[in-house]
Amino acid sequence: MSILENLNIEQRKAAERVEGPLLILAGAGSGKTRTVTFRIAHMVLEKGISPYKILAVTFTNKAAREMKERVEGLIGEEAKRVMVSTFHSFGVRLLRMYGSKLGYDSNFNIYDADDQKRLVKNIMKDIGITDKNTTPARVVSAISKLKEEGITPEEYAADSRGFLESYRTVSAVYSKYNVALKNNNAMDFSDILVNTNKLMDDLEIREKIQERYQYIMVDEYQDTNKIQYEIVNKIAAKYENLCVVGDEDQSIYGFRGANIQNILDFEKDYPNAFVIKLEQNYRSTENILEAANHVIKNNESSRGKNLWTDKKGGQPISIIEAKDGREEAYFILQEINALKNQGYNYKDLTILYRTNAQSRAFEELFIKFGIAHKIFGGMQFYQRAEIKDIIAYMNVINNPKDSLSLMRILNVPKRKIGPATINKFREYAEANEMSLFEALGHTDDIKLGPALKITITEFYNGMMSLMEEAEYMPVSEIFTEILTTFRYKSYLEGIGDDRVEERLENVEELRNSITEREKNAEDLTLGEYLENISLVSATDDMEESKDYIKLMTIHNSKGLEFPVVFIAGMEDEVFPSQKADFDTGQLEEERRLCYVAITRAEKTLYICHANERFVYGQSQYRSRSRFLEEIPPHLLESKTKIEKPVQKKKPSASKGVENFNPFKKKVVGSADLNLPYSVNDRVTHKKFGLGIVRNANEKTVEVEFTAGKKKFLTAAIDKFIQKA
DNA sequence: TAACCTATCTTTTTT
DNA sequence: AGATAGGTTA
């Protein structure tokens, strides 16, 4: 009897098809991880395929780890020889081995978004960009997208739109930026993919890899971009044993170049492909699934599928309407307490939101009431200044060519090395074709005051000896050395503001995390450590067994499932994002995101929205999300925790409860007018009193009250103000 | 060079 | 509102 007896018919068909191209269209919650793990087990146990020849690409390290564990549960130790990895980890591994072919040393550093921004900023300053309409952050995101779409600086420079200033800016920075990265022996996230792809064009390497990985599986294929697509297809070209798994309705990474077309075109790429649809959902109740299906069917991009469940009925979806963001958080807290009384644990509960900034209201409240919770993603630990400083020291020790990291620490702690001095060394380094760090050893050739010369030599010698020692030193000791020899800890203690404690705690937390890693991996090298922390994703350290409420963006919830889900901030301009307002493509991606959010829930789903929200410290009136209107009313149940002053109207009895739509739009008097208000109109507000219109367009009206300026959406304006 | 003040930006989403 | 950058002063 085959182990595949454990699967349903469709899953089994997919798992036993081991040879040739295979497309698994796996709806949300249809057991694709189960299918893929059994498929691997079947390959090894029943088809006699060496686990060494199997490559499985997942979206996060967490997914990779889990898949490995589950395969191990089926086939034992052998599972360790299967290569289960994310694209980035896989790429880095190859690049450490073969990167010299592309001119990199094997100890290259990996730059995160913050590093990218600082590098771009330096370049913009160096080449004297005066373009006021752009920022380093924008240039970085433009460059990353270009890279992941496979467009080189040369190709971009030749673009006919080059007469536009923004194009010229990006173009000028793009090539310089690449040169700088290379000089620093560093790669950004996109480079990892781009360079891996380049390696595959080396015949010798490609053949080696093709022979090694004769069986390939790619999860979340709908979110691969052009470069990832090319990497996979180059490796698979020889044996064509390529199995891709995905769901076009869950493609949510377009902003970083993901191309939904990759999955839609798989059958064109491989005309002999075998296609399997997994349509039975094992996760959610019928109600939740029906809501999700109703939302997604509004997308042109959806091919339509027939996702079903045998969990008939289920609880209705609870809608929570709040006055403002704070009240929303408070209502959710009340509901959490109620659930707790019903026997739920915190670990069953998850709050999802569109943007990281929304986590704040919850965090404040949960801290205040001492509720166990954990926020995944957002302002990450490794982005805090003191942590980045220490990492920068480590980066330089690992790779002295890393001038960007070096510039970060040269004057941290303060050594009286200002921009003027740094520039002298930069010029010297450039003129003599050496790295900035090397230049620090040539203090005799550069005009410096005697005191400065001593400080710099001291720093240089200190780093040199630590670099030598570091080869045989555990990371935790290198860490201690940095704190002591370079007096980083006393520097933090001496800052003397109210956050000294917090910074020192963070530093201790870093020490703990290093020791923790060393426990799990003996002989952890500095290079391995740095690589590890560069490639962690937000949910990698999630521990399902720990009893805390989980908070994360919907993007980060991809691939996960939770008994109870709260979707917060279900308002137009928030979700869908206001950025998607005039772009159907983006609106469809937002809708897919909504689909992902709904389908995370197993038993209970709450959708929450507020009528007023602070954005950039300004109060704005909001209407509920258009996506909410796409859910049939009979699946919804309005839930209000605090009595509203004016809420007398009850649904008329004749309509019946089933047809009662708690969201039916109130008729707005000026619905047929594009511009109900114009500048200088006097208006009244029931709370803010008299005000004057300062700004008005089709979408919003801005009114100045004594209490300050408020923005109103024209669509819902009559709810709040009246002409005076 | 450092400390302090003010003006400006931020919020999509992430490996 | 909070963070940060940039400019001014000591």
Side-chain angles (χ1 to χ4, degrees), chain A residues 57-64 85-92 110-114 116-118 121 125 132 135-138 140-141 144-145 147-148 187-193 196 220 223-225 227-228 251-258 325-326 352-361 364 376-380 383-385 411 414-421 449 451-452 495-497 499 531 533-540 552-558 569 573-581 583 586 589-590 592-594 596-597 613-620 708:
Chain A
V57 183
T58 58
F59 202 71
T60 62
N61 299 303
K62 179 172 186 278
S85 173
T86 64
F87 270 107
H88 288 84
S89 299
F90 176 70
V92 168
I110 299 168
Y111 281 0
D112 66 11
D114 188 69
Q116 291 179 284
K117 230 166 34 186
R118 280 189 303 130
K121 200 175 161 190
K125 209 169 172 186
K132 275 275 156 205
T135 62
R138 260 185 235 166
V140 166
S141 80
S144 297
K145 201 161 180 202
K147 285 189 179 181
E148 310 229 348
M187 296 188 199
D188 63 21
F189 286 120
S190 312
D191 284 339
I192 293 171
L193 301 178
T196 303
E220 309 283 7
D223 273 322
T224 51
N225 60 37
I227 303 294
Q228 291 167 324
S251 170
I252 55 174
Y253 280 95
F255 67 92
R256 71 176 203 214
R326 282 187 149 189
L352 302 179
Y353 35 78
R354 178 66 180 81
T355 65
N356 285 303
Q358 289 168 258
S359 67
R360 202 179 212 121
E364 280 172 10
F376 295 90
M379 173 66 172
Q380 259 145 349
Q383 288 172 340
R384 292 170 200 185
N411 202 33
K414 303 264 186 276
R415 301 187 180 87
K416 304 204 168 178
I417 306 174
T421 311
L452 199 49
I495 291 181
D497 61 8
R499 274 167 55 189
E531 175 179 323
I533 60 173
S534 301
L535 298 180
V536 287
S537 42
T539 54
D540 283 354
M552 69 194 84
T553 62
I554 301 165
H555 281 91
N556 276 327
S557 75
K558 178 174 160 139
E573 312 271 274
V574 175
F575 191 22
S577 161
Q578 157 254 328
K579 310 261 175 190
D581 268 359
D583 183 330
Q586 271 200 62
E589 181 152 315
E590 295 282 314
R592 291 192 290 270
L593 196 55
C594 183
V596 169
R613 194 174 284 279
F614 273 88
V615 183
Y616 299 141
Q618 264 210 334
S619 164
Q620 286 186 9

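Residue numbering restarts at 1 for every chain, and letters A, B, ... go by the order of the sequence lines.
When distances run from any side-chain atom of A/Tyr616 to the nucleotides B/dT14, B/dT11, B/dT1, the shortest one goes to B/dT11. For A/Ser537, whose side chain is taken as the heavy atoms from C-beta onward, the closest listed nucleotide among B/dT15, B/dT13, B/dT11 is B/dT15. Nearest to the side chain of A/Thr355, among B/dT13, B/dT15, B/dT10, sits B/dT13. Of the listed nucleotides (B/dT10, C/dG2, B/dT13), B/dT10 has the atom at the smallest distance from the side chain of A/Thr135. In the set B/dA2, B/dT1, B/dT14, the nucleotide with an atom closest to the side chain of A/Pro419 is B/dT1.
A sub-4.0 Å separation between OP1 or OP2 of B/dT14 and a side-chain N or O of A/Thr553 is present. For the OP1/OP2 pair of B/dT15 and a distance below 4.0 Å, the side-chain nitrogens and oxygens of A/Asn556 include at least one atom meeting the criterion. Under 4.0 angstrom from either OP1 or OP2 of B/dT10 there lies no side-chain N or O belonging to A/Asn356.
Atom pair A/Gln383:CD and B/dT15:P shows a separation of 10 Å (rounding to whole Å applied). Following rounding to the nearest Å, A/Tyr111 (OH) and B/dT14 (P) show an atom-to-atom distance of 23 Å. The CG-C1' distance, from A/Asp581 to B/dT11, rounds to 14 Å in whole Å. A straight line from CD of A/Glu573 to P of B/dT11 spans 17 Å, rounded to a whole angstrom. The NZ-C1' distance, from A/Lys62 to B/dT15, rounds to 16 Å in whole Å. Atom CZ in A/Arg592 sits roughly 18 Å away from atom P in B/dT13 (whole-Å rounding). Rounded to whole angstrom, the span from the CD atom of A/Glu590 across to the C1' atom of B/dT13 amounts to 8 Å. Between A/Asp191 atom CG and B/dT15 atom P the separation is 17 Å, expressed in whole Å.
A distance of about 23 Å separates the C1' atoms of B/dT11 and C/dG6, rounded to the whole Å.
The residue A/Gln228 sits apart from the nucleic acid: no heavy atom pair falls under 4.0 Å. Counting any heavy atom pair closer than 4.0 Å across all strands shown, A/Lys579 reaches a base atom. Among the heavy atoms of the strands, none lies under 4.0 Å from A/Ala113. Across all strands, A/Pro136 comes closer than 4.0 Å to no nucleic acid atom at all (heavy-atom distances). Contact annotation for A/Tyr253: backbone-only contact, meaning every heavy-atom pair under 4.0 Å involves sugar-phosphate atoms and none involves a base. Within 4.0 Å of A/Ile110, counting heavy atoms only, lies no atom of the nucleic acid at all.
No donor-acceptor distance shorter than 3.5 angstrom exists from the side chain of A/Glu364 to the backbone of A/Ala361, with no hydrogens or angles considered.
Comparing A/Gln578 and A/Thr421 along DNA chain B, the residue whose closest nucleotide (by nearest heavy atom) sits nearer the 5' end is A/Thr421.
In summary, A/Glu573 and A/Arg613 do not engage in a salt bridge, as defined by a charged side-chain N under 4.0 Å from a carboxylate O.
Within a 6.0 Å radius of CZ in A/Arg326, other residues, nucleotides and ligands contribute 12 heavy atoms or fewer.
Stacking between A/Phe255 and B/dT13 is shown: the ring centroid lies under 5.5 Å from the centre of the six-membered base ring, and the planes differ by under 30°.
Rounded to the nearest 0.5 Å, atoms OG1 (A/Thr553) and OH (A/Tyr353) are 7.0 Å apart.
Between A/His555 and A/Phe255, the ring planes are perpendicular. Angles over 60° get that label, and only those under 30° would be called parallel.
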### Task
Evaluate side chain to side chain donor-acceptor pair (under 3.5 Å) for A/Asp540 paired with A/Ser537, printing each intermediate quantity in order.
CA-CA 6 Å; A/Asp540 283 354; A/Ser537 42; 2.7 Å; yes
